[in-house]
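The figures that follow rest on heavy atoms only: side chains count, while hydrogens, waters and symmetry mates do not.
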Amino acid sequence: MLTRAWILETLALLPLYYWPVFFLEVWRFERYYRAYRAANPVGMLGVAVLPNGRLVITLQVAGDRPDPDDWTNFAPRAPWVRLAPGGFLAALDARLESYRNWTVLVPESDPNCTVAGPAFLDSS
């Protein structure tokens with residue numbers, strides 16, 4: 001959207017006989033801008049003025065579409081609910097049940113060892 005201050009600055013630089021052309025171009029650009037914003041809510045438009053009052057779009061970038069795998073598609077944006085006392089530990093214990101049969105190997109402090117962290121092995 002073109003601001004009033006930018007339009008007045010441009011009019012001060014243009015000869016008077018190009019003002020009607022400039023106003024027609026501003027009207028056209030505003031119509032195009034509204035249609036573009038309806039189709040692309042995120043993006044940028046850049047515009048320049050020629051010496052004869054014509055507007056030229058110099059930059060047109062559409063933004064990225066929303067991610068279809070956004071976390072809000074799988075979990076609600078409802079406010080957090082306070083857990084009952086001990087509720088977190090009960091939920092954590094249920095999750096840890098699947099890791100009870102795993103063996104953890106921690107590398108020794110050997111300077112030539114290239115392992116970055118512990119290794120998990122399924123011992124079942």
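To the nearest 0.5 Å, atom OH of residue Tyr32 and atom CZ of residue Arg37 are 10.5 Å apart. Here Ile57 contributes atom CD1 and Tyr36 contributes atom OH; the two are 9.0 Å apart, rounded to the nearest 0.5 Å. Here the CG atom belonging to Leu2 is positioned 9.0 Å from the OH atom belonging to Tyr33, to the nearest 0.5 angstrom.
Contact annotation: the side chain of Arg54 never approaches that of Val49 to less than 4.5 Å [non-hydrogen atoms, C-beta and beyond].
Of all heavy-atom pairs spanning Pro51 and Pro15, the tightest one is O-CD, 4.5 Å.
Listed by chain and number, the residues in a salt bridge (Lys or Arg N to Asp or Glu O under 4.0 Å) with Arg28 are Glu25 (sequence neighbours excluded).
Trp6 does not carry Arg4 over the face of its six-membered ring by the limits of under 6.0 Å from the centre and within 45° of the normal.
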Next item on the list: Walk me through it: do Val26 and Ile7 pass the test side chain to side chain contact (heavy atoms under 4.5 Å, CB included)?
Entry: CA-CA 9 Å; Val26 167; Ile7 292 173; 4.0 Å; yes

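In summary, of the residues considered (Asn52, Leu14, Leu50), a side-chain contact (heavy atoms from CB on, under 4.5 Å) with Phe22 occurs for Leu14 alone.
When the side chains of ILVMFWY residues are joined at heavy-atom separations under 4.5 Å, either directly or via intervening members, Leu11 and Val56 end up in two distinct hydrophobic clusters.
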